[in-house]
Number of protein chains: 2
Amino acid sequence: MPASGSYDIFLRGTFGIEPGGATGRKLRELAKIISVPRGSIAPLDHTHGSLVFIADGSTKLVAHASHDREQIVAFHFGGDLVAIPPDSEHAFSLMALKDSGLIIFPAREFYDRASAEPTIMRVLLDRFQTALFRCRDKALGLGRKNAQERLASFLLTMAERLDNDANGCRVLDLPMSRRDIGDSLGLTIETISRQFSELRAAGLVETSGRSRVVLKDPVALAQRAGHLQ
Amino acid sequence: MPASGSYDIFLRGTFGIEPGGATGRKLRELAKIISVPRGSIAPLDHTHGSLVFIADGSTKLVAHASHDREQIVAFHFGGDLVAIPPDSEHAFSLMALKDSGLIIFPAREFYDRASAEPTIMRVLLDRFQTALFRCRDKALGLGRKNAQERLASFLLTMAERLDNDANGCRVLDLPMSRRDIGDSLGLTIETISRQFSELRAAGLVETSGRSRVVLKDPVALAQRAGHLQ
DNA sequence: GCGCTTCATTGATCTGAGTCAAAGACTTTG
DNA sequence: CAAAGTCTTTGACTCAGATCAATGAAGCGC
């Protein structure tokens with residue numbers, strides 16, 4: 001169980017407001033602070049929208065087409081905010097990739113109570129905008145890129161987002177499996193594996209173990225990703 | 001040129017605030033009100049993000065992978081708000097599907113001046129959330145659905161969004177070409193055409209001319225779209 | 001209303017990624 | 001540390017949708 005103090009860190013770190021203030025206390029009443037073990041699904045209320053803060057760990061947001069077809073719609077890491085819609089045409093679930101601490105709010109109530117605080121709303125807006133822009137890039141990849149371009153894009157994006165320490169953003173420890181990468185890129189596990197082999201053969205990446213990836217030539221990788229120069 | 005009064009309609013209709021108030025006047029200074037003829041690209045500042053209000057008409061937001069590969073990331077209709085990022089790995093452009101009136105703001109400045117007004121921020125948040133949820137559904141379709149499911153989904157979504165008058169939301173006048181539909185669904189124009197033929201043969205839709213589509217059996221269509229029952 | 005242009009449909013063939021199958025590598029656990 | 005289980009890699013074959021090519025409508029200008 002994560003320290004209940006993760007709520008304070010959340011409010012101060014993400015929104016820059018004091019947990020002890022009026023808004024801070026009003027929001028606290030809504031928060032459900034839980035820890036989710038690797039491979040488990042976050043217990044969300046699927047009849048209403050949720051807003052989830054990833055206190056620590058990492059998660060995948062999965063959209064379910066039918067029984068056995070899943071599309072990972074986004075990955076999230078410590079510090080991220082995730083908005084999850086109520087189930088309608090499609091169902092969504094949030095699964096932990098590693099043991100994760102989450103703070104779960106009912107979305108509507110959170111917005112109602114937060115709307116008095118301009119700094120919170122401004123941060124929410126920025127986060128949502130970033131999520132939207134990322135999702136559009138993903139749509140571009142899924143609709144118009146081939147397998148190699150998708151994997152190259154993916155690796156560069158992860159390098160950027162996982163660049164927490166001073167690893168020079170070239171050595172990645174991917175928290176997700178090949179299957180997850182496939183489910184995110186709209187490809188199969190075998191295709192992911194084949195594309196890794198090709199990138200390896202071309203000297204653009206090195207891999208060791210199941211999660212370690214070294215980007216040997218990020219520039220060439222960006223070209224293969226179909227990025228603008 | 002659209003009546004400059006479209007700005008007033010925008011503020012009152014979308015945000016419910018008075019254009020004559022302090023915030024209304026501050027935002028007015030940022031607005032660029034223009035009309036864009038069918039087939040033309042909105043003149044945006046691509047070094048900064050933009051926020052565009054579609055006063056009337058309809059547009060497509062296009063992401064450019066490389067030279068000849070385009071992915072339509074979203075369609076927008078009168079009353080919609082569109083956030084467009086500055087160019088980075090990919091470039092975006094907003095093109096009018098029919099003669100359209102737009103109100104263009106520099107995004108950052110708009111948010112800065114609007115953040116004092118909770119009602120505006122709340123509406124923005126809702127709109128962004130809706131856009132994000134739509135984009136995720138699109139990602140699911142592009143990643144995991146076959147051609148027929150994609151087209152069926154598309155038609156149902158359009159029926160919902162174009163349901164302006166009392167046409168029972170079953171008779172559509174699509175403002176976009178087969179090519180646009182293809183560019184939106186990650187398919188070719190020929191595949192779109194073939195899928196229309198199949199749906200027609202199955203008695204689920206009727207088409208007449210280039211833009212008229214009648215949904216004869218929305219329930220069966222929803223099944224083919226891979227929606228949850 | 002007639003020719004021109006653009007868009008949509010249909011058919012034949014090709015191909016990149018999926019599927020099926022098997023072997024090999026990494027982790028975990030007793 | 002060896003056995004078991006899981007994840008990854010590689011190969012052979014298949015198939016949905018792309019590509020190439022031709023014909024058939026719609027819409028538009030004169």
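Letters A, B, ... mirror the listed sequences (proteins, then strands); counts begin at 1.
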Review point. Does B:Leu185 reach the side chain of B:Leu151, with side-chain heavy atoms less than 4.5 Å apart?
Key: yes
Check your understanding: Hey, does B:Lys138 have a side-chain heavy atom less than 4.5 Å from the side chain of B:Gln71?
Key -> yes
Revision key, fill the gap. A:Arg194 has its side chain closest, among D:dT8, C:dA8, D:dA12, to D:dA12
Exercise for review: Please check the phosphate of C:dA8 (OP1 and OP2 only) for any side-chain N or O of B:Ser193 closer than 4.0 Å.
Suggested key: no
[X] has an atom [atom1]; how far is it from atom [atom2] of [N], in whole Å?
X: A:Ile189; N: D:dT10; atom1: CD1; atom2: C1'; result: 13 Å
X: B:Arg38; N: D:dC28; atom1: CZ; atom2: C1'; result: 11 Å
X: A:Phe196; N: D:dC7; atom1: CZ; atom2: P; result: 16 Å
X: B:Leu151; N: C:dA8; atom1: CG; atom2: C1'; result: 14 Å
X: A:Leu199; N: D:dT8; atom1: CG; atom2: C1'; result: 16 Å
X: B:Arg69; N: D:dT19; atom1: CZ; atom2: P; result: 10 Å
X: B:Glu198; N: C:dG11; atom1: CD; atom2: P; result: 12 Å
X: B:Arg212; N: D:dG27; atom1: CZ; atom2: C1'; result: 16 Å

Check your understanding: Excluding sequence neighbours, so at least two apart, what forms salt bridge (Lys or Arg N to Asp or Glu O under 4.0 Å) with A:Arg210?
Key -> none
Exercise for review: Count the heavy atoms belonging to other residues, nucleotides or ligands that lie under 6.0 Å from CZ of B:Arg179, then report whether that count exceeds 12.
Suggested key: no
**Study point:** Summary of ring pair (Phe, Tyr, Trp, His ring centres under 6.0 Å) pairs that have at least one residue in residues 170-209 of chain B, sequence neighbours excluded
**Key:** none
Check your understanding: According to the ring pair (Phe, Tyr, Trp, His ring centres under 6.0 Å) rule, which pairs have a member within residues 210-229 of chain A, sequence neighbours left out?
Key -> A:His227-B:His90
Review point. Should the ring pair A:Tyr7 and A:Phe10 be called parallel, tilted or perpendicular, given that the plane angle runs from 0 to 90° and is split at 30 and 60?
Key: tilted
**Study point:** The single option from B:Val123, B:Ile9, B:Asp80 passing side-chain contact (heavy atoms from CB on, under 4.5 Å) against B:Thr14
**Key:** B:Val123
Look for any protein N or O under 3.5 Å of an N or O in nucleotides 15-17 of chain C and output each such pair with its distance, or none.
unit_1, atom_1, unit_2, atom_2, d
C:dA17, OP1, A:Ala147, N, 2.8

Distance-only donor-acceptor hits, side chain of residues 213-225 of chain A, under 3.5 Å, sequence neighbours excluded:
unit_1, atom_1, unit_2, atom_2, d
A:Asp217, OD1, A:Val219, N, 3.4
A:Asp217, OD1, A:Ala220, N, 3.1
A:Arg224, NH1, A:Gln148, OE1, 2.4

Check your understanding: So, does the side chain of B:Arg179 form a donor-acceptor pair with the base of C:dT9 at under 3.5 Å?
Key -> no
Revision key, fill the gap. Whichever of A:Arg144 and A:Ser197 has the more 5' nearest nucleotide on DNA chain D, that residue is A:Ser197
Provide a list of protein-nucleic acid N or O atom pairs under 3.5 angstrom, restricted to nucleotides 21-30 of chain C.
unit_1, atom_1, unit_2, atom_2, d
C:dC26, O2, A:Arg210, NH2, 3.0

